[in-house]
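Take a look at the structure below.
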Amino acid sequence: MAGTEGEWEAWMAAAQGGDARAYDRLLRACLPFLRAVVRRRIRDTAEAEDAVQDALLTIHQLRASYEPPRPIRPWMAAIADRRAIDRLRRHGRRQGRETPIDEFGETLAAPAANVAEERLDQARLRAAVAELPQAQRTALALAKLEDLSLAEASARSGMSVGALKVATHRAVKALRRRLGGAGE
Amino acid sequence: MRTEDLIGCLASDLRPVRRLPSPAAQTAIWLAGAVVAIGAIVLAEGLRPDLMQRLTLPQEGLQWLGAVATGATAALAAAMLARADRSARWALLPLPFALAWLATLGLGCLADMARMGEDALAPRLSGGCIQFIIFLGVPLGAGLLLLLRHAGPVRPGPVLALAGLASAALCSAGLSLFHHLDASLEVLLSHGLAIGAVALLGRVFGRGLLLRTPVAP
């Protein structure tokens with residue numbers, strides 16, 4: 001809603017006197033105008049809408065400083081532009097302080113930051129292994145962790161090669177299930 | 001919160017407001033207050049006996065007018081810049097007057113050199129001048145900032161600096177009415193330092209006197 005010449009100014013003058021209906025009409029009418037001003041600086045839709053809301057709050061706060069019958073559009077545009085610049089500055093400062101973790105997947109930028117996560121994973125793995133039945137635990141330890149051949153593992157554990165194969169397979173499957181991986 | 005809902009809240013909370021006076025009227029109100037405050041101190045201290053004789057000298061008369069004009073135009077520029085729709089170029093308004101003021105002080109230094117020789121260029125500071133300008137300039141500047149507190153969400157930086165310049169320049173002009181320094185360089189250094197200090201204090205501590213910028217929840 002563009003409004004006829006002088007209509008917005010008359011609504012604001014009425015709003016200064018306390019006319020809530022004129023004020024509501026003005027703010028709804030000027031919304032596309034404020035959005036257009038803000039979008040000249042901010043492309044991100046959500047960020048731009050936040051700046052528009054900041055501009056509306058500022059217009060509300062400063063409504064006593066509007067001087068009718070001066071054109072109200074330059075007044076509103078200057079306020080919206082300032083709020084857009086403020087949002088961009090805040091956004092810039094935030095970006096300077098933060099590292100977006102999405103781009104790095106599971107790895108954080110600082111190597112030291114990964115230590116805690118690795119420790120957590122190790123603890124979960126140990127707990128999951130501890131819950132396996134004895135035979136599966138032994139088979140897993142010899143065949144996968146100590147990397148022995150099936151014959152060597154069989155000689156060390158006293159289990160048959162077939163029993164070792166089955167126990168190792170079941171142990172891996174159980175761990176996958178418990179640690180959130182897809183089962184076979 | 002959706003923007004349409006925010007508009008509903010703002011409209012339903014609307015209270016009538018008293019429209020602010022125009023920037024020119026705000027400047028006039030502040031200037032009147034500043035003249036009363038500075039004038040009261042000048043009268044209490046007593047005018048310099050040689051005042052009329054000094055002010056009729058072109059260089060000293062122009063110097064005094066330069067300080068007054070710098071203060072008045074800086075106050076008007078601050079009041080204009082506090083309004084969102086006024087041009088940022090208003091900040092340049094006091095510049096020619098400030099330059100003219102500096103030029104008359106520079107000419108004064110040259111005249112002093114011709115009169116007093118190299119002694120005129122010895123760097124001296126007047127503690128009394130600096131104290132007067134700072135102690136009176138700070139409250140006057142604070143008064144102007146309170147009058148222009150709507151500048152906070154619009155253009156706080158230039159308004160803070162101009163308010164400091166306005167009040168300090170007027171204090172400097174007031175000081176010249178009852179206190180005379182022999183050397184222009186001493187005036188330049190003492191008044192310049194004090195004006196810079198008031199402008200800096202305004203820039204650093206004045207922000208709290210202005211309205212805070214609202215941020216959407």
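Chain letters run A, B, ... following the sequence lines, proteins first, then strands; residues in each count from 1. Note that this is a predicted model, so its numbers are computed, not measured. When reading the values below, keep in mind they use all heavy atoms of this one structure, side chains included, and skip hydrogens, waters and symmetry mates.
Side-chain contact between B:L10 and A:L57 is present, with heavy atoms from C-beta onward closer than 4.5 Å.
Proximity to chain B is absent for every atom of A:R21, based on heavy atoms less than 4.5 angstrom apart. Contact annotation for A:A13: both backbone and side-chain heavy atoms come within less than 4.5 Å of a heavy atom of chain B. For A:A51, no part sits under 4.5 Å from any heavy atom of chain B, backbone or side chain. Only the backbone of B:R18 comes within less than 4.5 Å of a heavy atom in chain A; its side chain stays farther off. Residue A:L31 touches chain B through its side chain alone, counting heavy-atom pairs closer than 4.5 Å.
Atom CD in A:Q61 sits 10.5 Å away from atom CZ in B:R212 (nearest 0.5 Å). Here B:L211 contributes atom CG and A:L62 contributes atom CG; the two are 6.5 Å apart, rounded to the nearest 0.5 Å. A:R63 contributes atom CZ, which lies 14.5 Å from atom NE2 of B:H150 (distance to the nearest 0.5 angstrom). Atom CG of B:D13 is separated from atom NE2 of A:H60 by 6.5 Å, given to the nearest 0.5 angstrom. For the atom pair OG1 of B:T3 and CZ of A:R28, the computed distance is 10.5 Å after rounding to the nearest 0.5 Å. Interatomic distance, CD of B:E4 versus CG of A:D24, reported as 10.5 Å (0.5 Å rounding).
The greatest number of non-hydrogen atom pairs below 4.5 Å with chain A, out of B:R155, B:R83, B:R15, B:M1, is found for B:R83. Your options are B:T213, B:I7, B:L20, B:V154, and the one with the most heavy-atom pairs under 4.5 Å with chain A is B:I7.
Of all heavy-atom pairs between B:A11 and A:Y23, the closest is CA-CD2, 3.8 Å. Here the shortest heavy-atom pairing between B:P153 and A:R82 reads O-CD, 4.1 Å. Contact record, A:I79 with B:A84: CG1-CB, 3.7 Å, taken as the closest heavy-atom pair. Here the closest heavy-atom approach between residue B:R2 and residue A:Q53 is recorded as C-NE2, 3.7 Å.
A donor and an acceptor atom, one from each side chain of A:E67 and B:S22, are nowhere located under 3.5 Å apart.
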